[in-house]
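Worksheet: the structure to be examined is printed underneath.
The shown structure was predicted, so the numbers you read here are calculated from the model rather than taken from an experiment. The chains referred to below are lettered A, B, ... by the order of the sequence lines, with proteins before strands, and numbering in each begins at 1.
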2 protein chains.
Amino acid sequence: MNTPIPAPQDSGADRQPEAPEPDSQTFGISDLARQFQVTTRTIRFYEDKGLLNPARQGMKRIYGQRDLVRLRLVLRGKRLGFSLDEIAGIMDMYDTDPGEIGQLRYMLNRLAEQRRTLLQQRRDLEQTLTELDQIEAQCRRQLGEIRE
Amino acid sequence: MNTPIPAPQDSGADRQPEAPEPDSQTFGISDLARQFQVTTRTIRFYEDKGLLNPARQGMKRIYGQRDLVRLRLVLRGKRLGFSLDEIAGIMDMYDTDPGEIGQLRYMLNRLAEQRRTLLQQRRDLEQTLTELDQIEAQCRRQLGEIRE
DNA sequence: CTGTTACTTGACGTTTACGTAAACGTAATA
DNA sequence: TATTACGTTTACGTAAACGTCAAGTAACAG
């Protein structure tokens, strides 16, 4: 339920107190919160759940590109109505390197499963959209009638 | 906890409060549960929330076509990740007869809003699907390499 | 009458996804 | 040095969506 993944980021090489390294962009937790319109609590919660795991600089959490991508994925998953656990499962597929052949087969199964879910969702979506269209048309008719 | 049952807005559409009508198919709660693969608890819960409101025959709940349609809508909404409250809101749009012109404008706004949500969801969906495709392709490549 | 089956209404328990303090650490600034 | 800003962990609170008893009713079989 966790992600091993050792942080390859910055192992405390030379640092000057007044020169924040300009290499690949990094962010504090508040920056992230602002960018993605979520609270810091939420971000920490996702970390607890193993969805993120930022580097640390002392106590502080430092977020890099990888974390941005992950957070984006999480929020997209939420918009699609998946639970955090499900999202964790999906993200595992994104970056699991399937060494064994068994693993590969397993992953292919999960991919197929996931695809089925998404396709069902797409059907639901399209149907809902057409129904909304009908309702709207009805509304506009009514509006027309009243105005005359 | 009670449910004040927020105004059964049957403005226009008539319903017989009590009548042992044998005409259009009716169902008991267990029938419904089986058909839709949910528990009776869930069905009663939805009623508490105002999403269903079946006729009664004595104490027993009797479900008709209208209820079937509603339940289907609820479950579809859930598959799309909406909360029961949101679903209630959507269903209001389905069968609210917007008498006043203000109501009409309000509904059109809500429709537009809802549409935006769904369109966003569709984008998320398509992107996720293409990403899954990429992952799968990668998997299949790996599988090919190993086999040789 | 007794037992079984299906249904009812509470009412408390559980999981998920955070919100909301409380209490403390670190660092720049007035 | 005191304040302010931002960060940390720990922990209790909460709304949603049911699950899970408990206890009672109503109909019917044997």
Side-chain angles (χ1 to χ4, degrees), chain A residues 1-2 12 15-20 26-64 67 70-71 73-91, chain B residues 1-6 18 20 26-64 67 70-91:
Chain A
M1 195 187 185
N2 61 23
R15 16 185 53 258
Q16 303 267 324
E18 300 179 12
T26 65
F27 307 86
I29 194 170
S30 299
D31 303 332
L32 216 62
R34 256 189 306 279
Q35 279 191 46
F36 288 92
Q37 293 279 64
V38 296
T39 67
T40 60
R41 173 70 176 97
T42 297
I43 296 177
R44 292 198 194 93
F45 184 73
Y46 290 167
E47 183 177 347
D48 265 26
K49 289 284 166 178
L51 294 170
L52 301 174
N53 89 331
R56 296 280 181 140
Q57 187 174 289
M59 312 185 8
K60 270 87 178 284
R61 293 166 169 84
I62 305 295
Y63 300 88
D67 300 299
R70 291 213 133 214
L71 185 47
L73 280 177
V74 171
L75 297 180
R76 196 173 75 192
K78 288 210 62 187
R79 285 195 302 270
L80 290 175
F82 296 110
S83 76
L84 295 185
D85 273 23
E86 290 169 329
I87 293 172
I90 297 174
M91 293 210 308
Chain B
M1 276 176 214
N2 60 26
T3 323
I5 304 171
E18 290 124 60
T26 64
F27 307 85
I29 194 171
S30 299
D31 303 333
L32 216 63
R34 256 188 306 278
Q35 278 190 47
F36 288 92
Q37 294 278 63
V38 296
T39 68
T40 60
R41 174 69 176 97
T42 297
I43 296 177
R44 292 198 195 93
F45 184 73
Y46 290 168
E47 183 178 347
D48 265 27
K49 288 285 166 179
L51 295 171
L52 302 174
N53 89 327
R56 296 281 181 137
Q57 187 173 288
M59 311 183 12
K60 271 82 179 288
R61 292 166 169 83
I62 305 294
Y63 300 88
D67 300 298
R70 290 213 133 214
L71 184 48
R72 227 189 311 277
L73 280 177
V74 171
L75 297 179
R76 196 173 76 190
K78 287 210 64 188
R79 286 196 301 271
L80 290 175
F82 295 110
S83 77
L84 296 184
D85 273 24
E86 290 168 329
I87 293 172
I90 298 175
M91 293 210 308

Pair A:Asp31 + A:Arg34, salt bridge at N-O below 4.0 Å: yes
salt_bridge(A:Glu47, A:Arg41) N-O dist < 4.0 Å: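 Salt bridge absent between A:Glu47 and A:Arg41.
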Distance, nearest 0.5 Å, that separates CG of B:Leu71 from CG of B:Leu51: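 Atom-to-atom, B:Leu71:CG and B:Leu51:CG are 9.5 Å apart.
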Spacing between [X] atom [atom1] and [N] atom [atom2], to the nearest angstrom:
X: B:Glu47; N: C:dG10; atom1: CD; atom2: C1'; result: 15 Å
X: B:Met59; N: C:dT8; atom1: CE; atom2: P; result: 7 Å
X: B:Leu51; N: D:dC18; atom1: CG; atom2: P; result: 10 Å
X: B:Gln57; N: C:dT8; atom1: CD; atom2: P; result: 11 Å
X: A:Ile29; N: D:dC6; atom1: CD1; atom2: P; result: 13 Å
X: B:Asp48; N: D:dA16; atom1: CG; atom2: C1'; result: 13 Å
X: B:Asp85; N: D:dA17; atom1: CG; atom2: P; result: 6 Å
X: B:Lys60; N: C:dT9; atom1: NZ; atom2: P; result: 12 Å

Identify the two heavy atoms, one from [X] and one from [Y], that lie closest to each other, and give their separation to 0.1 Å.
X: A:Arg56; Y: A:Met59; value: NH1-O, 3.0 Å
X: A:Gly50; Y: A:Arg70; value: O-NH1, 4.0 Å
X: B:Asp67; Y: B:Ile62; value: OD2-O, 4.1 Å

Sugar-phosphate only, base, or nothing, as touched by A:Tyr46 at under 4.0 Å among non-hydrogen atoms: sugar-phosphate
With sequence neighbours excluded, residues passing side-chain hydrogen bond (donor to acceptor under 3.5 Å, both in side chains) with B:Thr39: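 For B:Thr39 the side-chain hydrogen bond (donor to acceptor under 3.5 Å, both in side chains) partners, ignoring immediate neighbours, are B:Thr42.
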Interface residues of residues 32-45 of chain A with DNA chain C (non-hydrogen, below 4.0 angstrom):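 The answer is A:Thr39, A:Arg41, A:Thr42, A:Phe45.
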Minimum-distance nucleotide to B:Ser83 side chain [options: D:dC18, C:dT8, D:dA16]: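 Selected nucleotide: D:dA16.
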Under-4.0 Å side-chain N/O to phosphate OP1/OP2 contact, B:Arg61 with C:dC7: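 No, no such contact exists.
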Residue-phosphate contact under 4.0 Å: A:Lys78 side-chain N/O, C:dC18 OP1/OP2: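 A:Lys78 to C:dC18 OP1/OP2: side-chain N or O found under 4.0 Å.
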